[in-house]
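In what follows, every chain begins at residue 1, and chains take the letters A, B, ... in the order their sequences are listed.
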Number of protein chains: 2
Amino acid sequence: MSAPEEQDPLWIDAETTVAARPADHKMELRLWLRLFSCSRLIENDIRRHLNAEFEFSLPRFDILAQLDRADEGLVLGEVSKRLMVSAGNITSLVEGLVKSGHITRTTSSGDRRAQVIRLTDKGRREFRRMAKVHSDWIAAYFERLPQKDIERLMDLLATLKDSTRQSIIARQEP
Amino acid sequence: MSAPEEQDPLWIDAETTVAARPADHKMELRLWLRLFSCSRLIENDIRRHLNAEFEFSLPRFDILAQLDRADEGLVLGEVSKRLMVSAGNITSLVEGLVKSGHITRTTSSGDRRAQVIRLTDKGRREFRRMAKVHSDWIAAYFERLPQKDIERLMDLLATLKDSTRQSIIARQEP
DNA sequence: GACGATTACTTTAGAATTAAAGTATCGAAC
DNA sequence: GTTCGATACTTTAATTCTAAAGTAATCGTC
């Protein structure tokens with residue numbers, strides 16, 4: 001048995017359907033939808049596997065991942081910025097991770113407003129166990145892209161990120 | 001007054017911080033995080049503007065966008081697939097859009113399980129009003145990319161999407 | 001050292017999201 | 001035409017997420 005060939009509009013999604021549309025910034029719109037659908041496709045798959053194989057949620061994993069790279073821990077605001085989610089969201093996720101014993105949380109010595117979080121031994125151990133498999137999943141998504149394309153994508157996305165940021169900043173200033 | 005230059009780790013985020021990590025599939029991981037952060041950056045900005053300028057939520061806008069391209073309406077399952085969100089989520093969003101008069105919802109004549117949704121006149125009018133500005137925002141994100149880069153990105157992301165789908169399908173089969 | 005503005009976080013209320021279980025209909029095989 | 005599996009959607013429970021308002025600490029300036 002192989003792929004579901006009988007499934008009628010196989011792999012038709014938001015990105016695909018705009019193709020024939022006669023519009024203004026048609027190309028840019030298509031590019032955005034394609035970018036978004038790639039991202040969503042991968043994100044959903046990671047979420048599914050993380051849940052299925054480790055009973056761990058993606059947002060919780062993401063916080064551990066940030067902390068694994070930060071030896072001195074991170075203040076909540078940093079986590080919020082890096083993951084690009086709202087500050088209020090971080091508060092409750094952190095609460096959960098403290099309760100489950102994956103991280104510790106202490107008030108910063110220099111600034112009593114700031115809360116520093118760090119991985120516990122358990123947190124680091126469990127994160128690394130998950131990260132090992134996680135990184136294999138990721139590699140698989142890109143498996144069929146030649147190394148040259150990967151590098152080219154890296155460059156182009158870096159440029160896009162800069163361009164986007166500039167355009168966001170520019171709009172905020174009159 | 002210009003951009004916040006004193007802000008210390010300006011534009012440090014999840015994607016940036018993995019750069020120096022000595023790891024397995026380092027390149028692929030970086031690429032995924034870069035892709036994700038581009039997508040997130042744009043998505044968040046669109047959401048912000050849609051809320052601020054039209055008091056309309058992004059998921060609601062996304063459904064209208066699908067319907068604007070589908071003259072005969074769409075069954076809920078199609079919407080769910082195209083937007084890549086769960087079926088249960090669509091149910092309540094559709095409920096809200098019917099209540100606010102943007103769409104209609106009828107049982108499919110051929111299949112009494114299926115629900116077909118369509119734009120109302122009001123829905124189409126309001127969507128198009130928003131879409132006009134929306135498309136300008138999108139164009140601005142890509143403003144600083146040469147046309148050639150845009151085309152290259154389109155190609156590479158198409159390849160990536162295929163590669164990802166194949167890898168997802170492949171894992172589901174023994 | 002006392003404002004006032006800013007920053008770091010929390011709280012609140014509500015929307016969006018998912019997974020999983022449930023309901024109804026369809027279609028195909030018998 | 002009955003039955004059984006698949007399909008289309010809904011419901012439920014829980015998590016994630018946001019915007020906006022609130023609290024407390026810090027910083028700069030006078």
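- With sequence neighbours left out, B/Ser80 forms a side-chain contact (heavy atoms from CB on, under 4.5 Å) with B/Ala87, B/Ile90.
- Here B/Thr91 pairs with nothing under the side-chain contact (heavy atoms from CB on, under 4.5 Å) rule; sequence neighbours left out.
- Taking atom CZ on B/Phe56 and atom C1' on C/dA15, their separation rounds to 14 Å, with Å as the unit.
- For the pair A/Leu76 CG and D/dA25 C1', the computed distance is 15 Å after rounding to whole Å.
- Scored by the salt bridge (Lys or Arg N to Asp or Glu O under 4.0 Å) test, B/Arg48 finds B/Asp45 as partners (sequence neighbours excluded).
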Nucleotide by nucleotide, nucleotides 22-28 of chain C touches protein heavy atoms under 4.0 Å in the pattern (B base, S sugar-phosphate only, - none) --BBS--
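- Applying the salt bridge (Lys or Arg N to Asp or Glu O under 4.0 Å) rule to B/Arg144 yields no partners; only residues at least two apart in sequence or on another chain are considered.
- For B/Asp62, there are no salt bridge (Lys or Arg N to Asp or Glu O under 4.0 Å) partners at least two apart in sequence or on another chain.
- Between B/His134 and B/Trp137, the two ring planes are perpendicular [angle over 60°; tilted spans 30° to 60°].
- Partners of B/Thr104 by side-chain contact (heavy atoms from CB on, under 4.5 Å), not counting sequence neighbours, listed by chain and number: B/Arg118, B/Thr120.
- For the pair B/Asp62 CG and C/dA15 P, the interatomic distance rounds to 18 Å; values are reported in whole Å.
- Looking at residues two or more places apart in sequence or on another chain, you find a side-chain contact (heavy atoms from CB on, under 4.5 Å) between B/Ala114 and B/Val75, B/Ser108, B/Asp111.
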Can you give me the N/O atom pairs linking the protein to nucleotides 16-19 of chain C at distances under 3.5 Å, or say none if there are none?
from: C/dA16; atom 1: OP1; to: B/Ser57; atom 2: OG; distance (Å): 2.7
from: C/dT17; atom 1: OP2; to: B/Asn89; atom 2: ND2; distance (Å): 3.1
from: C/dT17; atom 1: O5'; to: B/Asn89; atom 2: ND2; distance (Å): 3.0
from: C/dT18; atom 1: OP2; to: B/Ser86; atom 2: N; distance (Å): 2.7
from: C/dT18; atom 1: OP2; to: B/Ser86; atom 2: OG; distance (Å): 2.8

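- Going from atom CG of B/Leu50 over to atom C1' of D/dA19 covers 15 Å, rounded to whole Å.
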